[in-house]
Student: 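Right, I'll just put the structure down here and ask away after.
So you know, we letter chains A, B, ... as the sequences are listed, proteins then strands, and number each from 1.
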Amino acid sequence: MTRSYQEINEKIRKGTAVVMTAEEVSRMAEEMSPREILKRVDVVTTGTFGAMCSSGAFLNFGHPSPSIRMERIELNGVPVSGGLAAVDTYVGATDCNPANPNYGGGHIIEDIVAGKDLVLEAWGKGTDCYPRKHVKTIVNRDTLNEAVLCSPRNAYQNYNVATNTTDRIKYTYMGTLLPHMKNASYSSAGELSPLLNDPECRTIGMGTRIFLGGTQGYVAWNGTQFNTTKPTNEYGIPIGNARTIATIGNLKDMSTEFVRGAAFEKYGTTLYMGVGVPIPLLDEDLAMRVSIRNRQIETNIQDYGNGYTHLGTTNYEALRSGCIELNGKKIRTAPMSSLYKARIIAATLKEWIERGEFTLTEPVRPMPSVSSVSPLKIVEVEE
Amino acid sequence: MEKKVVLSFAPELTFRSFMNDIIRDYNININIIKADIEIAKGGKLLVTLGGEEEEIAAAEKFLTDNGVVINPMGSTIKLNKERCIACGACTSACPSGALTIGAPDWTLNFNPDKCIICKLCVKSCPMKLFSVEFAE
């Protein structure tokens, strides 16, 4: 048995599509074969809510009179990109002013979503076509012409577990890591995670409509560092961080429930983003993929105190139990991404589809079937 | 001089005899006003430390170097729960088990009775929702 996007969308429009979250379908899979699941379920929804540092937003401020070509731009005192024409900017989640390390690009993006006023100050050299040299004013969600979230790398497929073997506390983007492996942190939504439910991205590609920050957004491209070469386990799950998606959506329609600025001690600012992807059950293979359970999803344990040294592997059932064992030593585990919010995202997307407000899209371009990540080579540079 | 402080002990520190150490090695006159501590579970002592200023400073350094957390009387950790995203980052850092997250609902639980006011949560919360409050 197979099923097409058209058939699924027809059912969604009629209100007869059967939609389940990835957790619900994983429970079903304890007793049902992929063939039975395929018969019963049309769409499976996923969700994740975590720190996604490679996120950002394009803004257009509008032209003042006389006009200015903004070359140096600050929003609430945070320097943002002046590298685009005239009155456009890009706010990256990690943009920051070192004098105020707990407020940065991620917070600016959240404040725009919240409708708060932001102080815009910009400078230009003054040109014949753009004579103004300086502007200082207030902007907010409603005064911006466009505010488009456009992130080059979101929703990592799987992620490393971080621990610290040294005798000093390490403050990392994986949280506070206590000395002597007193704790370990993990950051994937496991069986609820979008790219773990379609591990080869058979249904996720450019143009896939998704849940993004509380509204409908799209997959814009394969994410940066898209990696198909990670070893996979017997369930087809890549071990460690592998594929990613680039996302795009209207920031003005998003909600601070799912878009939150954040700051990690001694690391910097970032953005917690909510992303949910619907997986259409087109055939038995996909039904098998969405049936994946936490104990079948494995990942690497790395020493973040010591150059990401590989220490071992574990799985998400063990991680969620609150304690893993590594070489005979018990290590307390805790998450860095919110499972509570990930469940809300998967449930919300399910509701949208059940109500007929959200139909599925066939990718207009598939993800690369082979793509690897090269390190940065350091070569001699002649002065 | 005399100084009134709260000493907080993580579970693994309860197997050591710190009070004995600071009396013997740092010449501290100690008066335990209130003890709420159990072996292997951790807890707090409200004490007055008596002695020369330098002796008290040296004893406090000895205690903190060994993981005992010293706070002025009445300080507490406050959490702005309304803005909490339930990520779990604070639970990862929390050494006393006061902050926990887990099945079935994966929301954050804060048990102030277990808190040793080490302030690691203040640093670890990505949303900066913890603060230290002082009240006599």
Student: For each of A/Y171, A/F264, A/Y272, tally heavy-atom pairs with chain B at distances under 4.5 Å, and name the one with the top tally.
Tutor: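 Counting heavy-atom pairs under 4.5 Å, the top option is A/Y272.
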Student: In Å, rounded to the nearest 0.5 Å, how long is the span from OG1 of B/T107 to CG of A/L339?
Tutor: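 Result: 10.5 Å between the selected atoms.
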Student: Using heavy-atom distances under 4.5 Å, tell me whether B/I101 contacts chain A through its side chain, its backbone, both, or neither.
Tutor: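 Just the side chain, heavy atoms under 4.5 Å.
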Student: Please state whether the side chain, the backbone, both or neither of A/K182 comes within less than 4.5 Å of a heavy atom of chain B.
Tutor: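 Contact with chain B is through the side chain of A/K182 alone.
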Student: Measure distances from A/I169 to the heavy atoms of chain B and classify the residue's part below 4.5 Å as side chain, backbone, both or neither.
Tutor: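 Answer is side chain: those atoms of A/I169 sit under 4.5 Å from chain B.
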Student: Does atom CD (B/E53) have a neighbourhood of more than 12 heavy atoms from anything else shown, all under 6.0 Å?
Tutor: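 It does not: B/E53 CD has 12 such atoms or fewer within range.
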Student: Would you find more than 12 non-hydrogen atoms of other residues, nucleotides or ligands less than 6.0 Å from A/Y340 atom OH?
Tutor: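 No, because the 6.0 Å sphere around OH of A/Y340 holds 12 heavy atoms or fewer from other groups.
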Student: When you look at CZ of B/R24, are more than 12 heavy atoms from neighbouring residues, nucleotides or ligands closer to it than 6.0 Å?
Tutor: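 Correct, the count exceeds 12.
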Student: Do A/E265 and B/K119 meet the salt-bridge criterion of a basic N to acidic O distance under 4.0 Å?
Tutor: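 The answer is no: the pair does not qualify as a salt bridge.
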Student: Any idea which heavy atoms bring A/R332 and B/P95 closest together, and the distance?
Tutor: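 Closest pair (atom of A/R332, atom of B/P95, distance): NH2-CA, 4.4 Å.
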Student: Can you say whether A/Y267 sits under 4.5 Å from chain B via the side chain, the backbone, both, or neither, judging by heavy atoms?
Tutor: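 For A/Y267, no heavy atom lies under 4.5 Å from chain B.
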Student: Does B/M127 offer a backbone N or O that forms a donor-acceptor pair with the side chain of A/R260 under 3.5 Å?
Tutor: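 A pair under 3.5 Å: no.
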Student: Check whether B/K128 gets within reach of chain A through its side chain, its backbone, both or neither, counting any heavy atom under 4.5 Å.
Tutor: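 For B/K128, side-chain heavy atoms alone lie under 4.5 Å from chain A.
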Student: Checking A/S338 side chain against B/A86 main chain: does a donor-acceptor pair fall under 3.5 Å?
Tutor: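 Side chain of A/S338 to backbone of B/A86, a donor-acceptor pair under 3.5 Å: yes, one is there.
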Student: Could you grab the distance from atom OG of B/S124 to atom CG of A/L177, nearest 0.5 Å is fine?
Tutor: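 The CG atom of A/L177 is 9.0 Å from OG of B/S124, to the nearest 0.5 Å.
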Student: Do you know which two heavy atoms are closest between B/S92 and A/T176, and how far apart they sit?
Tutor: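 Between these two residues, the closest heavy atoms are OG-O, 4.1 Å.
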Student: What residue, out of A/G261, A/P335, A/A262, A/G175, has the most heavy-atom pairs lying under 4.5 Å from chain B?
Tutor: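 Option with the top pair count is A/P335.
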Student: What part of A/Y186 gets within 4.5 angstrom of chain B, counting heavy atoms only: side chain, backbone, both, or neither?
Tutor: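 For A/Y186, the side chain is the part near chain B, not the backbone.
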Student: For the NZ atom on B/K81, are there more than 12 heavy atoms of other groups (residues, nucleotides or ligands in this structure) within a distance under 6.0 Å?
Tutor: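 Yes, because the 6.0 Å sphere around NZ of B/K81 holds more than 12 heavy atoms from other groups.
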Student: Is it the case that atom NZ in B/K34 sees more than 12 heavy atoms from other parts of the structure closer than 6.0 Å?
Tutor: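 Atom NZ in B/K34 is not crowded, with 12 or fewer foreign heavy atoms closer than 6.0 Å.
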Student: With a 4.5 angstrom heavy-atom cut-off, is it the side chain or the backbone of B/C125 that approaches chain A, or both, or neither?
Tutor: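 The backbone, not the side chain.
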